[in-house]
Asker: 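I have a structure here, written as structure tokens, and I will follow up with some questions on it.
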Amino acid sequence: MNIIETEDLSFVYGQGTPFEKKANDRLNIQIKEGEFVGIIGHTGSGKSTLVQMLNGLIKPTSGVVRLCGKDIWEAPKEIRSIRFKVGLVFQYPEYQLFEETVEKDIAYGPGNMGLDEEEIRRRVLSAASFAGLRQELLNKSPFDLSGGEKRRAAIAGVIAMDPDVLILDEPTAGLDPAGRDVLLAQISQYHKKRKNTVLLVSHSMEDIARTADRILVMNKGRAAMLDDRKNVFSRGDELEKMGLRVPQITRIMSQLKKMGYNVPSGVLTVEQAANELHSLLGKGIFDE
Amino acid sequence: MLKDITFGQFLPGASSLHRLDPRAKILFLIAVIVFIFITGNYFALALVAAFIIALMFASKIPLKMYLKSMKMILFIVLFTGIINLFYGKGDPLVQIGFLKITEAGINNAIFVALRIALLIIASSMLTFTTSPTDLTDAIERLLKPLGVFHIKIHEIAMMMTIALRFVPTLLEETDKIMSAQKARGADLDSGNLIKRVKALIPVLIPLFVSAFKRAEDLATAMECRCYQGGSGRTRMKRLRFGKIDFYGLLISIAVLGGVILCNIFLPAVVR
């Protein structure tokens, strides 16, 4: 079943002014329940606008967003309830922290939902553990945390609303490689345990390749591809034309294939490549 | 919503008004304000209005921008106009209860409303055609004599430049933080006043935190470039009075003369 689908979804910035710009142009996207979808595209390709339309933060210029088959703008006064169902973590979310303690900050979303104390407390603890936030940090001021911890606290603040769909906009931006790896692993784990739908926006092919089942490629406000990751990455040439790169290892492997070695296309991770190459070496193909 | 504020915005261009020396522009603005307030009859007022309208065309700024900046103060114009309508001496033309409208009242209303409108147009013309840096440069130069009284003119001008520079940045940031809190279910546009003010706390705190952080970063960056205040500081772009400024001066004197002549030789309106 499609949890999110869009029909001819378009958004125009500054309509009727000389600065008019089409951010999204007639998008038709279907996302199934429980999927992990990566959204990738060049800067200015309309990724951020799209995700803000999916949770009703901005109203489409034309077209429809459906959540579980229902138009989210059917009752504009109820739009807040959509935002609880489609949780959106913004880019650099640490700027949204404001409470005295991390615990109170994570509780802000659930508090807005009107839940009771006990339920809020339960959700805060579970969200903190999903985000990999150590228990003793909960009573600290969010402004005393390190950069990576702040990021986790902010992500926990959205997870605590227990959304059916979790959207993360560039969650690894500005993190060091180790921090990035851990955060991505945690997001994957969250997806596996909660079995809800996750949308990860990124411009890093490596990040997307490591986590997503399907990939939506955005180009100039349009949906250029929406397919399984293997199929997307096998169209490397088209991606390059859009200013995107397939992961380095995928490029190396397709280069090898072009040179006549018997390796599969669409290899996405270094581990996978190592296995493939190992078996080739076993066959003695590199001996000559 | 926040982006609709046009008053005080700079719109780059190459019109003759853009090229005027910013110091001259500030002085001309002051002169125009004086013109507006010494007008004693409709002819003088019409002359100033014609002058300002001519400048509006010379600025090559779309008329829409002026209308937008007027929109913000339309209420003030109408309000003061209507109050003045009932505030005149002489025989009432119309009497509604204790409110009476006299000829002087009507004149007052028209004068006050037009004066405020012209004032706003003239001052937005200055900001539309002058970049914030030019503007503060000019203010710094014009206020320099105050340095005699140990007033730190350069520091004040620098603070103004920085403040103006960060207005759009902070607006953008406010927008972002509001979106982020809305995504967490913040309800910013309903409820009574107290509820709304309370709802703004999650927006204001992060905004202040990041503003302070920005200020600190900026201070460090300035210190890294050996900034140490105004003394001994030279400028890359020096302000010079040119031909165009001279023409501006001539035209202004002509208009001033016209206004004074109108005032002297034509009868003043009943006030």
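Note that this is a predicted model, so its numbers are computed, not measured. Chain letters run A, B, ... following the sequence lines, proteins first and then strands; every chain starts at 1.
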Asker: For A:Leu97, is it the side chain, the backbone, both, or neither that has a heavy atom closer than 4.5 Å to a heavy atom of chain B?
Answerer: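 Interface part for A:Leu97: backbone (N, CA, C, O).
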Asker: Do A:Arg80 side-chain atoms and B:Gly185 backbone N/O form a donor-acceptor pair below 3.5 Å?
Answerer: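 It does hold such a pair.
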Asker: More than 12 heavy atoms of other residues, nucleotides or ligands under 6.0 Å from NE2 of A:His203: is that the case?
Answerer: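 Not buried by this count: 12 neighbours or fewer within 6.0 Å.
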Asker: Is any side-chain heavy atom of A:Phe98 closer than 4.5 Å to a side-chain heavy atom of B:Pro206?
Answerer: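 Side-chain contact under 4.5 Å: yes.
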Asker: Any salt bridge between B:Arg184 and A:Asp105, counting N to O under 4.0 Å?
Answerer: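 Salt bridge between B:Arg184 and A:Asp105, a charged N being under 4.0 Å from a carboxylate O: yes.
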Asker: May I ask you to check whether over 12 heavy atoms, not counting those of B:Tyr227, lie within 6.0 Å of atom OH?
Answerer: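 Atom OH in B:Tyr227 is crowded, with more than 12 foreign heavy atoms closer than 6.0 Å.
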Asker: Counting only heavy atoms not in B:Glu223, do more than 12 fall under 6.0 Å of its CD?
Answerer: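 No, because the 6.0 Å sphere around CD of B:Glu223 holds 12 heavy atoms or fewer from other groups.
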Asker: Does any heavy atom of chain A fall under 4.5 Å from the side chain of B:Val209, the backbone, both, or neither of them?
Answerer: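 Contact with chain A: side chain only.
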Asker: Roughly how far, to the nearest 0.5 Å, is the CG atom of A:Asn112 from the NZ atom of B:Lys182?
Answerer: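 Going from NZ on B:Lys182 over to CG on A:Asn112, the span is 13.0 Å.
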Asker: Are there more than 12 heavy atoms of other residues, nucleotides or ligands under 6.0 Å from atom CZ of A:Phe36?
Answerer: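 For A:Phe36, atom CZ is crowded (more than 12 foreign heavy atoms under 6.0 Å).
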Asker: So for atom CD, which belongs to A:Gln30, do other residues, nucleotides or ligands contribute more than 12 heavy atoms lying within a distance under 6.0 Å?
Answerer: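 Yes - once you tally the heavy atoms of other residues, nucleotides and ligands closer than 6.0 Å, there are more than 12.
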Asker: What part of A:Tyr92 lies closer than 4.5 angstrom to a heavy atom of chain B: side chain, backbone, both or neither?
Answerer: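 Interface part for A:Tyr92: neither.
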Asker: Taking atom NZ of B:Lys176 and atom CD of A:Gln96, what is their separation to the nearest 0.5 Å?
Answerer: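 Here the rounded value is 12.0 Å.
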Asker: Taking everything shown except B:Glu172 itself, do over 12 heavy atoms lie less than 6.0 Å from its CD?
Answerer: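 No.
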Asker: Taking all non-hydrogen atoms of both residues into account, name the closest pair between A:Leu88 and B:Ala183 and its distance.
Answerer: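 So the two residues come closest at O-CB, 3.9 Å.
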Asker: At a heavy-atom distance under 4.5 Å, which candidate from B:Asp187, B:Val203, B:Ile177 has the highest pair count against chain A?
Answerer: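 Of the candidates given, the most pairs with chain A belong to B:Asp187.
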